[in-house]
Amino acid sequence: MRKLISTGSPFEKAAGYSRAVVQGDWCFVSGTTGYDYATMSMPETVEAQTRNCLATIAKALQDGGFEMADVVRAHYYITDAAFVDTVFPILGEAFGDIRPAATMIVCQLNKPEMKIEIEVTALRRTA
């Protein structure tokens, strides 16, 4: 069974995507930037953007019946290699014990104010 998860962001409707898609025991979370969706504002620092990304992802996973501990794959996109040492400790707080397979890429993002985008895939754990 397929379930679509939305944050209510206007970007989802305009671009035709879901924040996350649940298919069986899998959850695919779209690339998530640092917007604060309550205020539709973007913080200036990469640290605050990273924390917003992770909070939005955690909420999407929760809405789909998953936890951060279910994350098996993460893609990190940053706009400046200088951000690596800044975001690693924040990512470590979120994923240090989970240790998903991960890739970090330095690239340009859709808007100049975006400094990081995070995409994850989760597989429901069986105990």
Side-chain angles (χ1 to χ4, degrees):
M1 183 160 103
R2 183 175 175 164
K3 179 179 180 182
L4 305 178
I5 308 295
S6 175
T7 61
S9 161
F11 304 128
E12 293 168 18
K13 184 169 176 64
Y17 73 96
S18 295
R19 171 63 42 216
V21 175
V22 176
Q23 183 71 46
D25 287 336
W26 290 93
C27 184
F28 304 91
V29 181
S30 294
T32 303
T33 61
Y35 278 103
D36 176 340
Y37 288 107
T39 63
M40 284 308 296
S41 63
M42 178 70 77
E44 288 187 27
T45 69
V46 70
E47 296 93 335
Q49 288 187 28
T50 302
R51 293 186 192 288
N52 280 358
C53 292
L54 293 168
T56 300
I57 289 167
K59 174 82 167 73
L61 288 168
Q62 180 182 19
D63 289 351
F66 292 78
E67 301 175 14
M68 289 290 275
D70 295 320
V71 173
V72 296
R73 184 74 172 119
H75 293 112
Y76 310 115
Y77 306 94
I78 56 174
T79 58
D80 188 328
F83 295 153
V84 171
D85 291 336
T86 304
V87 301
F88 268 5
I90 300 167
L91 298 172
E93 290 170 17
F95 295 116
D97 293 333
I98 301 163
R99 308 234 352 233
T103 302
M104 181 171 283
I105 298 168
V106 178
C107 62
Q108 184 175 344
L109 295 175
N110 294 347
K111 302 279 184 181
E113 65 269 20
M114 296 174 177
K115 296 179 178 168
I116 186 167
E117 185 167 338
I118 302 172
E119 172 188 10
V120 304
T121 301
L123 176 61
R124 195 180 321 275
R125 292 168 292 148
T126 55

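Computation of the quantities below employed the complete heavy-atom set of this structure, encompassing side-chain atoms and omitting hydrogens, waters and symmetry-equivalent molecules.
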Less than 4.5 Å apart, any side-chain heavy atom of [X] and any of [Y]?
X: M68; Y: L54; value: yes
X: P10; Y: M40; value: yes
X: E47; Y: T86; value: yes
X: C53; Y: I116; value: yes
X: V87; Y: Y76; value: no
X: K59; Y: I5; value: no
X: L61; Y: V71; value: yes
X: V29; Y: C27; value: yes

When clusters are formed by joining ILVMFWY residues with side-chain heavy atoms under 4.5 Å apart, either directly or through shared neighbours, do [X] and [Y] land in the same one?
X: L4; Y: Y17; result: no
X: V106; Y: L109; result: no
X: V72; Y: M104; result: no
X: V84; Y: M114; result: no
X: I78; Y: I90; result: yes

Looking at [atom1] of [X] and [atom2] of [Y], how far apart are the two atoms once the value is rounded to the nearest 0.5 Å?
X: E119; Y: Y77; atom1: CD; atom2: OH; result: 4.5 Å
X: L91; Y: I98; atom1: CG; atom2: CD1; result: 11.0 Å
X: T121; Y: W26; atom1: OG1; atom2: CH2; result: 7.0 Å
X: I118; Y: S30; atom1: CD1; atom2: OG; result: 13.5 Å
X: F11; Y: R19; atom1: CZ; atom2: CZ; result: 9.5 Å
X: M42; Y: T33; atom1: CE; atom2: OG1; result: 4.0 Å

Any side-chain to backbone donor/acceptor pair from [X] onto [Y]? Under 3.5 Å, distance only.
X: Q49; Y: K115; answer: yes
X: S41; Y: D36; answer: no
X: R124; Y: G65; answer: yes
X: R2; Y: Q23; answer: no

inquiry  = Check this for me: E44, atom CD, are more than 12 non-hydrogen atoms of other residues, nucleotides or ligands nearer than 6.0 Å?
reply    =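 Atom CD in E44 is not crowded, with 12 or fewer foreign heavy atoms closer than 6.0 Å.
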inquiry  = Counting neighbours of CZ on R99 that are heavy atoms of other residues, nucleotides or ligands and sit closer than 6.0 Å, is the number greater than 12?
reply    = no
query = What closest approach, in Å, do N52 and G34 show between heavy atoms, and which atom pair accounts for it?
reply = ND2-O, 2.8 Å
ask   = So Y35 and Y37, would you call those rings parallel, tilted or perpendicular, with 30° and 60° as cut-offs?
value =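 Plane angle between 30° and 60°, so tilted.
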Note: D70-R125 ion pair, threshold 4.0 Å (strictly below) =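 R125 and D70: salt-bridged.
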